[in-house]
Amino acid sequence: GGRGRMVTVDAAYYRRKREESLTKLAGRAADEAVEHGEEIELDVMTPQDRRIVHLALKEREDVVTRSEGEEPRRRIIVEPAD
């Protein structure tokens, strides 16, 4: 018959993996910003993804983050703290 296959998507697993990769990306961007003393511009992200990046770097005193641009083209800038 014409029955489709059943596919299960583990959304929680996907989100956790996404969060891990964004947290690593944030850390690398912060390290680079500090090492080179310049701003690092990340790719355009959804509001949820930007929130993860901002939170990942909130505790670091050597960098600051800000969002720039208009939705849906907003991106995060990571720069060395003064």
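All of these numbers come straight from a predicted model, not from anything done at the bench.
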- Find out whether E20 and K17 are in side-chain contact, i.e. whether some heavy atom of one side chain is under 4.5 Å from a heavy atom of the other. yes

- Item | Rounded distance (nearest 0.5 Å) linking atom CZ of R73 with atom CD of E68 | 13.5 Å

- Would you check if L25 and M45 make a side-chain contact, meaning some heavy-atom pair closer than 4.5 Å? yes

- Salt bridge check: are E19 and K24 linked by an N-O gap of less than 4.0 Å? no

- Task: Side-chain contact test, heavy atoms from C-beta onward, threshold under 4.5 Å: evaluate it for D31 versus R60 and give yes or no.
- Result: yes

- Closest approach of R74 to G69 (non-hydrogen atoms, all atoms of both residues): NH1-O, 2.6 Å

- Of all the heavy-atom pairs spanning V78 and A30, show the shortest one and how long it is. CG1-CA, 3.8 Å

- Heavy-atom pair with the smallest gap, counting every atom of A33 and V63: CB-CG1, 4.5 Å

- Message: Please give me the minimum heavy-atom distance between P80 and V64, naming the atom from each residue.
- Response: O-CG2, 4.4 Å

- To the nearest 0.5 Å, what is the distance between CG (L57) and CD1 (I76)? 8.0 Å

- Give the intermediate values and the outcome of side chain to side chain contact (heavy atoms under 4.5 Å, CB included) for residues T23 and I52. CA-CA 7 Å; T23 299; I52 291 167; 4.1 Å; yes

- Message: In the structure I gave you, are the side-chain heavy atoms of R18 and L22 within less than 4.5 Å of one another anywhere?
- Response: yes

What pairs of donor and acceptor atoms, side-chain ones from residues 36-44 against any protein atom, are under 3.5 angstrom apart with sequence neighbours left out?
unit_1, atom_1, unit_2, atom_2, d
E39, OE2, R66, NH1, 3.3
E39, OE2, R66, NH2, 3.1
E41, OE2, R75, NH1, 3.0

